[in-house]
Trainee: 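Dropping a structure here in C-alpha cells format, bear with me for questions.
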Amino acid sequence: MRDLGTGFRYLLKGQRWVARHGRQYGFGLLPGLITLVLYAGVLVALGVWGEDAVAWSTPFADDWSNPWLGLFRGFLTAVLFALALLLAVVTFTAVTLLIGQPFYENLSEKVDRDVSPDGYAPESGLPLWRELLISARDSLRIVVRAALWGVLLFACGFIPVVGQTAVPVIGFFVTGFFLTEELTSVALQRRGVELRTRLTLLRSRKTLVWGFGTPLAVSFLVPFVAVFLMPGAVAGATLMARELLGEEIREGDEGGDQAVKTLR
C-alpha cells in the first residue's frame, strides 16, 4: 500500500515541477488543446446524431410498441455515449502524446536533466519520424488492449449489484494503468525500452501505477482538466520511470541543499 501513496506523490511532484517551469508548461498545453477540440467535436456529433445511428442499426425494433422502443433505443444511445466517453478518456493521452511528441520529449528530457545527479538525460538517437512511428504503433496496441478491457467491463456491468458497484471502480483502475503506460512511454521509449518490457515493469509495481494513474483517470473525466494536467503528468511519469528503472534522482527543496536518492 506504500506504493499507492508514492505513485500519487509522483503525480503531485510532476505538477509542481511544471509550475516552477512556466515555459515548458505553456508549450505542453498546446497538444492537449488541439486534442480537446477534436474530441469535443466527435462527442458533440455523437450527442446530436447518436440516436439516429442507433435507430439505423436496430431496424428489427421498428415495430416495437411504446414505451419499449423508446427505452431500448434510449438505453443503447446512453451506452454508446458512455463507451465513447470511456474511449475518449483512454485514448486522449495517446493522441495528445502523438500530436505533442516533440513538446513532451523536450519536457521529459528537461525533467531528467533537472533531477539527475550528473545532469544527464538519455536520448534515443532516432529521427523524429521514427519516434513518431514507434509511438503510434505502441499507442495503437495499448488502445486495442484498453478497448478489449472496456468491452469486458461493459459486459460485466449487466451483473446485478456488482455491475453497478465494483465494475466502475475496476474500470478506473484499468484506465489508470493504461494512462500511466502511455505517459511513462515518453521517458522509457527514449531509453530504448520496448512495449513488452514497459508493461512488465508496470505490472511489477501495480500499486505504484494505480496510485499515479487512477486519480488522473478520475480527474480526466472533468472537462478541460486533462489539458491542464497533461504537462505535469508527463513530468511526474518521467520521475516514476526513473524509479521503475532504479535510477538515481536528486531531490530537495528549491534553493536548498539537494540530496541524491537511489530509487528502488
Trainee: Rounded to the nearest 0.5 Å, what separates atom CG in Leu199 from atom CZ in Arg145?
Mentor: 5.5 Å
Trainee: Which heavy atom of Leu239 sits nearest to which heavy atom of Gly14, and what is that distance?
Mentor: CD1-N, 4.5 Å
Trainee: Applying a strict under-4.5 Å side-chain criterion to I, L, V, M, F, W and Y, I'd like to know whether Val225 and Phe212 cluster together.
Mentor: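 Hydrophobic grouping puts Val225 with Phe212.
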Trainee: Salt bridge check: are Glu109 and Arg113 linked by an N-O gap of less than 4.0 Å?
Mentor: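 Salt bridge between Glu109 and Arg113, a charged N being under 4.0 Å from a carboxylate O: yes.
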Trainee: Taking atom types as modelled and ignoring hydrogens, do the side chains of Arg9 and Thr6 form a donor-acceptor contact shorter than 3.5 angstrom?
Mentor: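 Checked: Arg9/Thr6 side chains pair up, N/O donor to acceptor below 3.5 Å.
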Trainee: Nearest heavy-atom pair of Tyr39 and Phe92: which atoms, and what distance?
Mentor: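 In terms of heavy atoms, the two residues are closest at OH-N, 3.8 Å.
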Trainee: Check this for me, if you would: do Glu123 and Arg190 make a salt bridge, where the nitrogen-to-carboxylate-oxygen distance has to be below 4.0 angstrom?
Mentor: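 Result for this pair is no, no salt bridge flagged.
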Trainee: Quick one: does Arg191's side chain have a donor or acceptor within less than 3.5 Å of a partner on Ala187's backbone?
Mentor: yes
Trainee: Using side chain to side chain contact (heavy atoms under 4.5 Å, CB included) as the criterion, point out the one residue from Thr214, Leu244, Leu179, Leu202 that pairs with Val209.
Mentor: Leu202
Trainee: Salt bridge check, Asp3 against Lys206: does any charged N sit closer than 4.0 Å to a carboxylate O?
Mentor: no
Trainee: So does Arg205 pair up with Glu243, basic N to acidic O under 4.0 Å?
Mentor: yes
Trainee: Looking at CG of Leu98 and CD of Glu131, how far apart are the two atoms once the value is rounded to the nearest 0.5 Å?
Mentor: 12.0 Å
Trainee: Do the side chain of Ser185 and the main chain of Glu182 share a donor and acceptor less than 3.5 angstrom apart?
Mentor: yes
Trainee: Roughly how far, to the nearest 0.5 Å, is NZ of Lys13 from CE of Met240?
Mentor: 12.0 Å
Trainee: Can you tell me how far apart CD (Glu247) and OG (Ser116) are? Round to the nearest 0.5 Å.
Mentor: 7.5 Å
